[in-house]
Amino acid sequence: MKKVTPTPKPIKDTTFKNGDVTLTVSEKDTVHIPLTELNETILTSESKMPPLDPEGNTGPKKYAREDAIFNRDGSVTFTSNTDYNSGMSFYLNPCTDEKDLTDLTESKQAGYFNFRKGEKDMSAYDYIRIKLTSDNEMNLRTYNGIESLEISGALTDAKMSETYEGGWIGPAKSDEYMVSDDGVGMKVKDEYVTRTVFIPLESIIAKGSNPATLAAVLLCPQRDKTEVTIHSIDFVKVKYDTPVTGITVTASKTELENKKSVTCKAAVAPETATRKTLKWSSSNEKVATVDFTGKVTAAASGSGIAVITAEATDGSGKKGTFEITVKEKSENPPVVQDISVPLTADTKYAAGCLETASGSACTPVYGADGSVTYTSSNQYNGGGMAFYFNKDKEAVDLSQYSGIRVVIKGTSGKGIKLTPYTNQTPDNHLNSKKIADDYGLTLDGTEQTYTLDFEKDEEAVKKWGTRGEAYAIGIVYNAYNESQGDNSYDKGNKLYCDITVKSVTLIKKQAQTPVEQDITVPLKATTKYAEGCLETASGSACTPVYGADGSVTYTSSNEYNGGGMAFYFNEDKEAVDLSEYAGIKVVIKGTSGKGIKLTPYTNQTPDNHLSSKKVADDYGLTLDGTEQTYILDFAKDEEAVKKWGARGEAYALGIVYNAYNESQGDNSYDKGNKLYCDITVKSVTLLKKIPTA
């Protein structure tokens with residue numbers, strides 16, 4: 001009898017509406033994210049983190065959610081236990097076998113497990129489709145890179161993008177199926193409690209999330225004590241009914257100096273094109289590179305021309321180009337002057353002033369004198385306005401400025417905070433990434449001049465020490481009352497605030513002569529970056545001894561592979577541009593046969609295990625029991641130090657006991673090297689030039 005092979009049943013495509021346009025989902029191309037306990041990420045999974053004891057003294061803070069139920073139909077149900085930051089997260093490349101989990105005892109603490117292969121390139125997809133049940137408005141957060149999940153301590157720490165359901169494609173217009181009930185988040189009407197929503201990949205790209213390195217997605221309601229069932233999370237492609245016919249690329253500059261950046265913009269024709277996501281490339285990456293958002297960065301040195309190309313990803317083959325010329329940086333640095341921030345509708349950074357006391361929409365009034373007037377409430381603590389620092393909407397290096405001066409008038413007794421934003425593209429609630437907040441301005445009903453001095457040493461402004469680049473400044477009504485704890489607001493301050501901002505000025509910093517000499521790193525208790533030396537062989541706490549000669553002595557073990565100490569490069573705890581230096585010299589003495597690694601850290605604030613973000617590790621130093629001088633040469637081309645090529649800014653240097661044995665593979669340690677190591681660091685120096693033999 002002839003064997004009959006059954007004909008596969010075709011997968012039926014589905015449709016959904018984006019406004020007036022009907023889109024067809026190519027279901028055969030759909031990627032389904034399994035909602036299983038094994039595939040839940042370290043950020044929210046209770047099975048991948050050490051448990052809390054009854055008093056909550058061990059294990060992580062239980063911020064994720066109340067106990068989840070993994071249903072037989074592949075869905076998952078949980079109840080939120082806090083506003084905004086309570087949900088569930090899942091790897092994009094699913095974990096399907098417990099053998100693939102990695103024990104993170106060395107980098108976090110006992111009981112933590114992660115899936116190192118959870119990252120996946122989703123740049124070919126158009127929408128995230130989610131079916132869920134919830135009577136409260138939902139949030140989606142995305143995370144890039146597995147390492148970001150491991151170093152983070154909360155759902156907010158490592159997120160790359162956050163979008164609210166009010167901006168998604170839902171079963172109806174958001175204001176039709178969600179209504180306010182004076183609570184946190186919008187209430188969903190009964191007939192839409194179970195719904196399917198679509199989130200454009202373009203929206204997370206716009207907020208800085210690279211779809212090529214997505215590691216995880218998280219869903220959470222905005223309100224606590226909300227029961228949520230996530231039925232499915234899918235990444236889908238749509239059929240491209242309207243192809244791209246042309247792309248025009250523009251930028252505000254055609255020339256760049258070394259290390260400078262400009263963002264190209266691409267206009268896609270027609271506007272109704274189904275897939276507008278573009279792939280960016282540079283014809284000469286030795287001259288200039290371009291990232292997935294179109295941001296072009298000139299090389300650190302050299303000159304030339306790079307053609308930047310934006311290519312359609314819908315198969316149409318259409319491209320647009322823009323030519324960037326890179327010139328050697330002038331020996332005469334540009335003159336930095338005060339910047340008068342333009343308070344205009346064209347430079348508005350985010351629509352954050354919210355509704356007026358009457359409930360109507362807030363409409364800013366722009367005066368002929370360059371001022372802006374608006375009414376602000378405390379809803380979401382985002383009541384206020386923000387403006388780009390310049391009309392070109394380009395970043396400004398705040399480290400070249402000494403402060404911000406604001407001339408303002410408003411309702412007496414109301415607090416205002418100043419907030420500079422590091423995101424190029426804002427969200428709607430003035431919650432974009434930011435450098436710091438200044439709460440020092442309280443209105444008195446008259447016209448006031450307030451100056452924020454970046455150099456103050458008061459606790460409230462210490463975090464302004466290293467400012468870097470920012471795009472916009474927010475003048476935000478502050479109803480938040482820190483004395484009442486997280487998510488608390490001063491109820492007596494909850495009235496609306498009338499504000500007129502007359503002017504905002506960035507005040508230039510006095511010119512300083514660039515440092516051209518070596519830097520001697522101060523090995524002092526006051527410049528200690530992290531408490532990493534751990535316990536001694538006897539089990540007692542490690543107490544560093546600081547010598548009168550500027551040395552430091554301590555005992556280090558390999559526990560967590562973080563045994564060692566780290567120090568800020570200078571007394572001011574400010575970043576140093578390592579690319580301006582040739583190497584590091586360490587004079588050291590310690591237990592013979594023990595390995596030491598040198599690690600510069602890019603985080604301003606350390607963690608306790610010397611696991612902060614870092615530039616690179618150097619494993620070349622092995623102690624011999626005598627006083628040794630070791631020099632790490634950044635320019636070496638050996639495999640071990642290639643990653644030091646582009647060094648950038650760092651805050652501190654770690655001198656860390658290295659029990660790790662690379663020849664044994666990941667998470668392996670040299671058991672013979674596992675004894676304690678006595679170390680005296682006599683000096684650490686950043687070298688402008690490597691000394692000749």
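Computed from heavy atoms alone, side chains included, the values below leave out hydrogens, waters and symmetry copies.
- A donor-acceptor pair under 3.5 Å is absent between the side-chain atoms of Glu394 and the main chain of Val262, judged by distance alone.
- For Glu271, the CD atom counts as loosely surrounded, since its 6.0 Å shell holds 12 or fewer non-hydrogen atoms of other residues, nucleotides or ligands.
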**Message:** Determine whether Lys253 and Lys260 satisfy the following criterion, side-chain contact (heavy atoms from CB on, under 4.5 Å), listing intermediate values before the conclusion.
**Reply:** CA-CA 11 Å; Lys253 296 179 180 178; Lys260 295 296 184 180; 5.8 Å; no

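- With hydrogens and angles disregarded, a donor-acceptor distance shorter than 3.5 Å links the side chain of Asn39 to the backbone of Tyr91.
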**Message:** As a quick check of understanding, evaluate side-chain contact (heavy atoms from CB on, under 4.5 Å) for Leu219 and Val228, giving each step before the final call.
**Reply:** CA-CA 9 Å; Leu219 275 170; Val228 177; over 6 Å; no

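- Taking each heavy atom of Thr242 and Pro270 in turn, the nearest pair found is CG2-CG, 3.8 Å.
- A heavy-atom distance below 4.5 Å is not found between the side chains of Ser283 and Thr309.
- The distance from the CE atom of Met178 to the NZ atom of Lys189 is 11.0 Å, given to the nearest 0.5 Å.
- Between Lys17 and Ile169, the closest heavy-atom pair is O-CG2, 3.3 Å.
- Side-chain contact of Ser261 with Thr297: a donor-acceptor pair under 3.5 Å is present, judged by distance alone.
- Within the model, atoms CG of Leu140 and CD1 of Ile128 stand 5.0 Å from one another, a figure rounded to the nearest 0.5 Å.
- In this structure, Lys318 places its NZ atom where only 12 or fewer heavy-atom neighbours from other residues, nucleotides or ligands lie under 6.0 Å away.
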**Request:** List the steps, then state whether side-chain contact (heavy atoms from CB on, under 4.5 Å) holds for Thr347 with Phe389.
**Result:** CA-CA 8 Å; Thr347 60; Phe389 283 114; over 6 Å; no

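- Among pairs with a residue in residues 124-133, those fulfilling salt bridge (charged side-chain N to carboxylate O under 4.0 Å, His left out) read Glu27-Arg129, Asp126-Arg275, Arg129-Asp234, at least two apart in sequence or across chains.
- Side-chain atoms of Thr325 and Thr254, non-hydrogen and from C-beta on, never get closer than 4.5 Å to each other.
- Between the Asn139 side chain and the Tyr164 main chain, no donor and acceptor come within less than 3.5 Å of each other.
- Within the 4.5 Å cutoff, the side chain of Tyr125 has no heavy atoms near those of the Thr277 side chain.
- Counting only distance, with no hydrogens or angles, the side chain of Ser282 and the backbone of Ala288 share a donor-acceptor pair below 3.5 Å.
- Across all their heavy atoms, Pro420 and Leu398 have their closest contact at CB-CD1, 3.9 Å.
- Although no hydrogens or angles enter the test, the distance criterion places no donor-acceptor pair under 3.5 Å between the side chain of Thr229 and the main chain of Thr133.
- Between Glu311 and Ser281, every side-chain heavy-atom pair lies at or beyond the 4.5 Å cut-off.
- Residues His231 and Thr194 meet the side-chain proximity criterion, which asks for heavy atoms closer than 4.5 Å.
- When ring centroids are compared, Tyr349 and Tyr388 come within the 6.0 Å threshold.
- A side-chain donor from one of Ser75 and Asp73 sits under 3.5 Å from a side-chain acceptor of the other.
- Using a 4.5 Å heavy-atom cutoff, the side chains of Phe198 and Val238 are not in contact.
- For the pair Ser80 (side chain) and Arg223 (backbone), a donor-acceptor distance under 3.5 Å is present.
- Annotation: side chain of Leu23 is in contact with side chain of Tyr127 (closest heavy-atom distance under 4.5 Å).
- Between Val217 and Phe235, some side-chain heavy-atom pair lies under the 4.5 Å cut-off.
- The two atoms that bring Leu43 and Leu155 nearest to each other are O-CD2, 3.8 Å, heavy atoms only.
- Residues Ser89 and Thr41 have side chains that bring a donor and an acceptor to within less than 3.5 angstrom of each other.
- In this structure, the separation between CG on Leu218 and CE on Met138 is 8.5 Å, given to the nearest 0.5 Å.
- Lys279 NZ: 12 or fewer foreign heavy atoms inside a 6.0 Å radius.
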**Item:** Worked check of side-chain hydrogen bond (donor to acceptor under 3.5 Å, both in side chains) between Thr344 and Asp346
**Value:** CA-CA 5 Å; Thr344 65; Asp346 291 339; 5.1 Å; no

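- Panel note: side chain Asn71, backbone Gly74; no donor-acceptor pair is recorded below 3.5 Å.
- Closest approach of Ala312 and Ile247 over heavy atoms only: N-CD1, 3.6 Å.
- No donor-acceptor pair closer than 3.5 Å links the side chain of Asn114 to the backbone N or O of Arg116.
- With rounding to the nearest 0.5 Å, the separation of CG in Leu38 from OG1 in Thr96 is 7.0 Å.
- Atom OH of residue Tyr143 and atom CZ of residue Phe90 lie 12.5 Å apart, to the nearest 0.5 angstrom.
- More than 12 heavy atoms of other shown residues, nucleotides or ligands fall within 6.0 angstrom of atom NZ in Lys259.
- Taking every heavy atom of both residues into account, Asn93 and Phe115 meet most closely at O-CE2, 3.0 Å.
- Between the side chains of Thr24 and Asp241, no donor N or O sits under 3.5 Å from an acceptor N or O.
- With a 6.0 Å radius and a threshold of 12 heavy atoms from other residues, nucleotides or ligands, Lys276 has its NZ atom above the threshold.
- Judged by distance alone, the side chain of Thr142 and the main-chain N or O of Met160 form no donor-acceptor pair under 3.5 Å.
- The line from SG of Cys264 to CG of Asp291 is 10.0 Å long, rounded to the nearest 0.5 Å.
- Partners of Trp168 under the side chain to side chain donor-acceptor pair (under 3.5 Å) rule, at least two apart in sequence or in another chain, are Thr163.
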**Message:** Run the side-chain contact (heavy atoms from CB on, under 4.5 Å) test on Ile324 and Ile305 for me, step by step, so that the C-alpha distance in whole Å, both residues' side-chain angles and the decisive distance to 0.1 Å come before the verdict.
**Reply:** CA-CA 6 Å; Ile324 293 285; Ile305 294 174; over 6 Å; no

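- Of the possible donor and acceptor atoms, one in the side chain of Asn258 sits under 3.5 Å from a partner among the backbone N and O of Ala299.
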